[in-house]
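The next block holds one structure in the form of structure tokens; read it before the comments.
None of these values were measured; they are calculated from a predicted model. Atoms considered below: every heavy atom in the structure, side chains included; atoms not considered: hydrogens, waters and symmetry mates.
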Amino acid sequence: MSSPHRREAPPANKGLLALAGVLLAIPIIALMLVGTYAKEEPRLGDWPFFIWYQFLWVIICSAATYTAYRIVLKARPHVPMTQDGAEFLDSDASDPRGGAGAPGAPGVPGASDPDSTGPQGGTR
């Protein structure tokens, strides 16, 4: 089984990856500054400031993590791989199915080839 060649993958957008890192760092830094929220006033109903402020950061952190995840997905373009993840699929103009190893292609494990080994069964 050959290993994937990362040099064939498109380069990642480093600016977007940096933005994702900043989004992940903001909640960590904000909650490390305990002196900024270690007080009881202003209250939100019966809740002291340090309780509702930290709970608010749970929501903010969730939103920042999801946003960073979506940014990373955009920054790293998807490169299709074979079903077993052993190698990248390369576009091949001569293949009418749109690329070498396209779903249903002979010789790709898990494809519709009855002689392949994969999720549909079959042995070689």
Side-chain angles (χ1 to χ4, degrees):
M1 184 183 307
S2 65
S3 62
H5 301 288
R6 293 308 295 170
R7 61 183 156 72
E8 295 175 11
N13 183 330
K14 290 181 175 45
L16 286 178
L17 291 177
L19 177 62
V22 168
L23 278 173
L24 294 174
I26 288 172
I28 295 169
I29 294 169
L31 290 172
M32 286 178 65
L33 302 171
V34 177
T36 61
Y37 61 91
K39 51 190 172 188
E40 290 194 31
E41 298 295 328
R43 291 173 106 43
L44 183 64
D46 291 333
W47 297 87
F49 179 72
F50 62 89
I51 297 291
W52 67 261
Y53 179 81
Q54 290 179 56
F55 185 71
L56 179 65
W57 273 103
V58 170
I59 297 166
I60 294 170
C61 185
S62 298
T65 302
Y66 177 74
T67 304
Y69 167 72
R70 298 300 297 180
I71 289 172
V72 168
L73 287 180
K74 181 136 180 95
R76 292 184 182 165
H78 174 70
V79 178
M81 296 184 79
T82 59
Q83 287 182 347
D84 65 353
E87 60 188 30
F88 290 109
L89 299 177
D90 295 323
S91 294
D92 185 3
S94 64
D95 189 352
R97 288 180 298 258
V108 176
S112 59
D113 182 11
D115 293 331
S116 68
T117 58
Q120 285 103 3
T123 57
R124 290 184 183 214

Seminar exercise, completed: Between Ile71 and the options Leu23, Asn13, Leu17, the side chain to side chain contact (heavy atoms under 4.5 Å, CB included) test singles out Leu23
With a 3.5 Å cut-off and sequence neighbours excluded, list the donor-acceptor pairs that the side chains of residues 55-67 form with protein atoms.
from, atom 1, to, atom 2, distance (Å)
Trp57, NE1, Tyr53, OH, 3.0
Ser62, OG, Val58, O, 3.0
Thr65, OG1, Cys61, O, 2.8
Thr67, OG1, Ala63, O, 2.7

Donor-acceptor contacts, no H, no angles, side chain residues 29-50, under 3.5 Å, sequence neighbours left out:
from, atom 1, to, atom 2, distance (Å)
Thr36, OG1, Leu33, O, 2.6
Tyr37, OH, Leu31, O, 2.9

